[in-house]
Structures are given as C-alpha cells and as structure tokens.
Amino acid sequence: MRHVLSDSQKRAIYDQYGEEGLKDMPPPERYANGNGGGSKGFNPRNAEDIFAEFFGSSPFGFGSTGPGRSMRFQSDGGGGMFGGFGGNENIFRSYSEGVTPKKPTAVESKLPCSLEELYTGSTRKMKISRTVVDANGRQVPEQEILTIDVKPGWKKGTKITFPDKGNEQLGQLPADLVFVIDEKPHDTYKRDGNDLVVNHKVTLAEALGGTTVHLTTLDGRDLSIPVTDIVSPGYELLVAREGMPIPKEPRNRGDLKIKFEVRFPTRLTPEQRAGLKRTLAG
C-alpha cells in the first residue's frame, strides 16, 4: 500500500475508487497514450479532472464548467496543469473587472455678469481648455467653445453645469464643469433680491420744495420720477415693477427703491437764516 500512497496518480484513484479502482487500473503505457479503458467501465481521467472533482469550485473563482472539468486549469499551449494562469486567464482579473470608475469633484469657475446682462438676459461664449484621454490612453489638450444662455433675473450663485466637460484622467470619469454666476458692481443700481436700489442725493431746497429724479433703466429706458413729498432723513420712494425680472414669473418684476440723502448747507447768510425762520414758522 505504501507504493500506492507515494504515487500521486494511484493515490488519487485510490482516494476516489478504493482498491477496486486500483485493480482495474490499466497498464502505465495506456495512461501515457491517453487511451483509458479497462474493465467494468472504468475510464481514467487526467489530473485536471481529478483535481477539479476533488475540490469543486476553488475559493479563487475556479468554477467547473462540466462534470469534473475546470476550464481555469486547461493547459494553454503546453503550460501544463496550471497553464490557465497565464495570459488572459489571470486569476486576479476578476478583481479589476466591473469596478465603476470614480467621478472627480466638479470644477467650478465664476462667470462675472453685468447687471444689464442679468436684467435682459444674454448669450455668452466661453472658450475652455481641458485635458482629455485619446484612444491610445494618452492625455492630450483640447479646446472647445461652450454656449451659456444667461436668463433674465438670474441671481448671483446660480450654477450652470456642463456634464463631463472637465479634465479627464486615466481610470476616472471626466469631471463636470460648473459656471457660477457672479454680479459685477454697477455705478447706479444695487440689487436686493428681485428689487433694485438707487441712492439719490437732493439739496435741502429740493427736499422741501420737491424735485424730479431722472434715471436710465438697465434696459436703456429713461425714467422721470416726480417727488412731491417732503424728503425727510431716511425717506424712501418705491416705484413698482421697475426692479429685476423674476425668473419663475416671466411677466413680473421686482420694485425700484429710491433712497434719499439730503445735503444740508454748511453755511447760511443772515438773510437766508431769517427767510427760513419766517417760512418754517408760518
């Protein structure tokens, strides 16, 4: 029995079929020719089949594709029993296959807009330069012109996203490119939500006797706004529907707020003082 245990091929047959299998085992030269046979229907198999039947599915993913046959162990051009480890049959391929590429954080860039552009809307052409991966896996520069339709009433902080227009890197999905609306300062108007605010200075005489405020709107119209009230410190005049467009309400606008600052004279003649006293006292 010792010579059986020391012979790996006989040991395999013994472990599976017992002594009866050894008795029916054909001469060694028949194994060499690959012509199995023997009595009682016994058909010897190669070491691959025996290994596969002993161990079944390997913990490394060597699933059997048929009775006693593991495709992962097939010899590839004389590679022997473990020839399947070479080439495209590498056992570690399964660890890299099916992994979802990572999506990098979006790249944000400010898009400065004048208040006139945000009032009327505009079309902006943005030339971008980015890195892409070509068919050979090389990173190459690329330029592209993107079109941005700025809608009337958009506010500072509004984001416009261009999917996959950021830089590309090997093994990653391309990043998104995001433009963030920013407002340029204006010489006359300041934005407050959907409203526009104007600071206007008047003399004491205008504050008391009335005046007219002349403004040019952001879309180029001339406004003449009469002021008939007495302008006291902190006085504010509201002009309805002359503010910014409201994006969700295309036919509606915010208001225009005119905040007044009264310029008091630094010096008065005695005659002026006396005249003011008489006027105000009456």
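Sequential numbering from 1 along the given sequence is applied to the chain's residues. Computed from heavy atoms alone, side chains included, the values below leave out hydrogens, waters and symmetry copies. Nothing here was measured: the structure is a model prediction, and the numbers come from that model.
Of the candidates Leu215, Thr188, Leu237, Ile258, His200 forms a side chain to side chain contact (heavy atoms under 4.5 Å, CB included) with just one, namely Ile258. The side chain to side chain contact (heavy atoms under 4.5 Å, CB included) test with Val262 is passed by exactly one of Val231, Leu208, Thr203: Val231. The side chain to side chain contact (heavy atoms under 4.5 Å, CB included) test with Ile160 is passed by exactly one of Ile148, Val150, Leu177: Ile148. Each of Arg130, Lys103, Lys165 was scored for a salt bridge (Lys or Arg N to Asp or Glu O under 4.0 Å) with Asp176, with one residue passing: Lys103. Shown are Val197, Ile225, Asp195; of these, the side chain to side chain contact (heavy atoms under 4.5 Å, CB included) with Leu256 is made only by Ile225.
Nearest heavy atom pair, residue Gln169 against residue Val133, reads C-CG2, 4.1 Å. Looking at every heavy atom in both residues, Tyr119 comes nearest to Arg221 through OH-NH2, 3.5 Å. Taking all atoms of both residues into account, the shortest heavy-atom contact from Ala175 to Val107 is CB-CG2, 4.3 Å. When every heavy atom of Leu115 is checked against every heavy atom of Met244, the shortest pair comes out as O-CE, 4.4 Å. Here the closest heavy-atom approach between residue Pro247 and residue Gly153 is recorded as CG-O, 3.4 Å. Pro152 and Thr120 make their closest contact through CG-O, 3.4 Å (heavy atoms, listed as atom of the first residue, atom of the second, distance).
Hydrophobic cluster membership differs between Val178 and Ile145, with clusters built from Ile, Leu, Val, Met, Phe, Trp and Tyr side chains linked at under 4.5 angstrom. Hydrophobic clustering of Ile, Leu, Val, Met, Phe, Trp and Tyr side chains at less than 4.5 Å, counting indirect connections, keeps Ile128 apart from Val132. Cluster membership for Leu238 and Leu196, using ILVMFWY side-chain heavy atoms within less than 4.5 angstrom, is not shared.
Remark: the backbone N or O of Thr216 is not paired with any side-chain donor or acceptor of Asp222 at under 3.5 angstrom. A donor-acceptor pair under 3.5 Å links the side-chain atoms of Thr279 to the main chain of Gly275, judged by distance alone. The backbone N or O of Ile246 lies less than 3.5 Å from no partner atom in the side chain of Asn252, so there is not a single donor-acceptor pair. Under a 3.5 Å cut-off, the side chain of Asp149 and the backbone N or O of Thr123 do not form any donor-acceptor pair. For Asp134 (side chain) and Arg138 (main-chain N/O), a donor-acceptor pair under 3.5 Å exists by modelled atom type. Of the possible donor and acceptor atoms, one in the side chain of Gln272 sits under 3.5 Å from a partner among the backbone N and O of Thr269.
Within 6.0 Å of atom CZ in Arg273, 12 or fewer heavy atoms from other residues, nucleotides or ligands are found, so the atom counts as exposed in its surroundings. Within a 6.0 Å sphere centred on CD1 of Ile230, other residues, nucleotides and ligands contribute 12 heavy atoms or fewer.
Ion pairing between Arg253 and Glu242 fails under the 4.0 Å rule for side-chain N and carboxylate O.
A distance of 11.0 Å separates NE2 in His186 from CG in Leu118, rounded to the nearest 0.5 Å. Note: Lys184 NZ to Glu117 CD = 6.0 Å, rounded to the nearest 0.5 Å.
Classified by interplanar angle (parallel below 30°, tilted 30° to 60°, perpendicular above 60°), the ring pair Phe179/Phe162 is perpendicular.
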